[in-house]
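Notes to accompany the following structure.
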Protein chains: 2
Amino acid sequence: MGSNLNMAECPAMETIALIGGRWKVIILHVLSKGTRRFGEIIVRVPSISRKVLTEQLRELEADGLISRVEYKTLPPKVEYTLTAFGKSLCPLLSYISAWKRDSEAGLSSDSL
Amino acid sequence: MGSNLNMAECPAMETIALIGGRWKVIILHVLSKGTRRFGEIIVRVPSISRKVLTEQLRELEADGLISRVEYKTLPPKVEYTLTAFGKSLCPLLSYISAWKRDSEAGLSSDSL
DNA sequence: CCCATTAGTTACTTAAAGGTTACTACTTTT
DNA sequence: AAAAGTAGTAACCTTTAAGTAACTAATGGG
């Protein structure tokens, strides 16, 4: 408590807060391929529980990265889609992935 | 336990694991300006405790992002420096910051 | 009547992260 | 003798994240 001053001054930290959840990168990646239902997401994110998936989706929604549309059919159907804001994250995630793969290609990681 | 299969397949998640610690981005930012001693880092990272700073530095060192050099003088002196691998993160952090600032510039965030 | 289906929720437990306070080591300075 | 300075450690506590298992709602099908 009382240590969030830094956050406010550090855009990189705010971004990490947005995508730093245990499963958020994978969920975002799944949704980058298109709209998906709850059940479609869960089978594509191995070993996540329904409770945790629900939590992560709610947070992503609260942060404006995804939208949730509920159809009042039986059985229920809920669709999740990246918002424009969420889509704007995709190049960033690609960049992050690419950095990791490049670093594994051995350029500078064996300096120790 | 037993859910790390995904991590291994997701470079972006591995990167987040590297820089996702509560203070890592700030610490990396401080060190991007040059070699710093423990006491110099702590005054530049407001409200971090010595214990937590030590922990974060140890993790960054274990991940190969920074190096730690201890001088056996009195009083003690320890210097922390970004490795080449750590330096390779700087452009990525800039990119992440820039994305956040751009998104705040209002382009797509007001879609809700 | 009972089962399946979908998208959850509830209650509970465990693990990890973060934080506070006090203490240590060793030498120089007062 | 006591205090200052540096870089920590140790013991302990709190908060947050994550995970498990069982349960719900509403309806169609057998």
Side-chain angles (χ1 to χ4, degrees), chain A residues 1-7 10 13-14 16-28 30-31 35-63 66-81, chain B residues 1-7 10 13-14 16-28 30-31 35-63 66-81:
Chain A
M1 290 133 177
S3 54
N4 300 42
L5 297 163
N6 326 66
M7 290 281 282
C10 188
M13 282 185 74
E14 295 180 75
I16 298 297
L18 233 48
I19 61 175
R22 177 78 183 79
W23 303 101
K24 291 198 180 157
V25 168
I26 301 184
I27 294 169
L28 258 8
V30 167
L31 292 181
T35 296
R36 293 284 181 268
R37 298 178 58 175
F38 187 88
E40 294 174 318
I41 300 172
I42 212 166
V43 300
R44 285 167 175 78
V45 183
S47 76
I48 197 174
S49 69
R50 280 188 301 249
K51 190 206 102 177
V52 173
L53 178 55
T54 302
E55 285 170 357
Q56 302 274 301
L57 288 170
R58 294 277 192 269
E59 289 176 18
L60 290 168
E61 191 192 2
D63 289 333
I66 66 173
S67 66
R68 175 179 184 279
V69 179
E70 186 175 350
Y71 299 89
K72 299 226 172 283
T73 58
L74 245 297
K77 172 175 168 179
V78 179
E79 286 184 343
Y80 294 92
T81 310
Chain B
M1 291 132 179
S3 55
N4 299 44
L5 297 163
N6 325 66
M7 291 281 282
C10 187
M13 283 184 74
E14 296 180 74
I16 298 297
L18 233 46
I19 60 176
R22 177 79 182 77
W23 303 101
K24 291 199 181 157
V25 167
I26 301 185
I27 294 169
L28 258 7
V30 168
L31 292 181
T35 295
R36 293 284 181 268
R37 298 178 58 177
F38 187 89
E40 294 175 318
I41 300 172
I42 211 165
V43 299
R44 285 169 175 77
V45 183
S47 76
I48 197 174
S49 69
R50 280 190 296 248
K51 190 205 104 177
V52 173
L53 178 55
T54 301
E55 285 171 356
Q56 303 274 301
L57 289 170
R58 295 279 192 270
E59 288 176 18
L60 290 169
E61 192 193 1
D63 288 333
I66 66 174
S67 65
R68 177 180 182 278
V69 178
E70 186 176 349
Y71 297 89
K72 297 227 173 281
T73 59
L74 244 299
K77 173 176 170 180
V78 180
E79 286 184 343
Y80 294 91
T81 310

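It should be emphasised that the depicted structure is a prediction, and the values quoted were computed from it without experimental measurement.
The distance from atom CD1 of B:I16 to atom P of C:dA17 is 15 Å, rounded to the nearest whole Å. Note: CH2 (B:W23) to P (C:dG18) measures 9 Å, nearest angstrom. When rounded to the nearest whole Å, the span between CG of B:L53 and P of C:dG18 equals 12 Å. For the pair B:K72 NZ and C:dA25 P, the computed distance is 15 Å after rounding to whole Å. In this entry the distance linking CD of B:E40 with P of D:dG8 reads 13 Å, nearest Å. Between B:E79 atom CD and D:dG8 atom C1' the separation is 16 Å, expressed in whole Å. Taking atom CD1 of residue A:I48 and atom P of nucleotide C:dA7, one finds them 15 Å apart after rounding to whole Å. For A:R22 and C:dA17, the CZ to C1' distance is 14 Å, given to the nearest whole Å.
Nearest to the side-chain atoms of A:F38 among the listed nucleotides C:dG18, C:dG8, D:dG8 stands C:dG8. Taking the side chain of A:P76 as heavy atoms from C-beta on, and the options D:dG19, C:dA7, D:dA7, the nearest nucleotide is C:dA7. Of all nucleotides listed (D:dA18, C:dT6, D:dA7), D:dA7 comes nearest to the side chain of B:R50. You'll find that the side chain of B:P75 is closest to D:dT6, out of C:dA7, D:dG8, D:dT6.
Here the closest heavy-atom approach between residue A:V78 and residue A:E70 is recorded as CG2-CG, 3.9 Å.
For C:dA7, the OP1/OP2 oxygens have no side-chain nitrogen or oxygen of A:R68 closer than 4.0 Å. Neither OP1 nor OP2 of C:dT6 sits under 4.0 Å from any side-chain N or O of A:R37. Taking 4.0 angstrom as the limit, A:Q56 places a side-chain polar atom (N or O) nearer than this to OP1 or OP2 of D:dA18. For the pair A:R58 and C:dG8, the criterion of a side-chain N or O lying under 4.0 Å from OP1 or OP2 is met.
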| message | Set out, in order, the CA-CA distance, both residues' side-chain angles and the distance that settles side-chain contact (heavy atoms from CB on, under 4.5 Å) for A:I41 and A:I48, then state yes or no. | response | CA-CA 10 Å; A:I41 300 172; A:I48 197 174; over 6 Å; no
| message | Between A:I66 and A:L57, is the side-chain contact (heavy atoms from CB on, under 4.5 Å) condition met? List the steps. | response | CA-CA 8 Å; A:I66 66 173; A:L57 288 170; 3.7 Å; yes
| Between A:L31 and A:Y80, does a side-chain contact (heavy atoms from CB on, under 4.5 Å) hold up when you go through it step by step? | CA-CA 7 Å; A:L31 292 181; A:Y80 294 92; 4.1 Å; yes
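Within the 4.5 Å cutoff, the side chain of A:L53 has heavy atoms near those of the A:F38 side chain.
Contact annotation for A:Y71: no contact, since no heavy-atom pair falls under 4.0 Å across all strands. Heavy atoms of A:K51 sit under 4.0 angstrom from at least one base atom.
Closest-nucleotide positions on DNA chain D for A:E55 and A:L74 were compared, and the one nearer the 5' end corresponds to A:E55.
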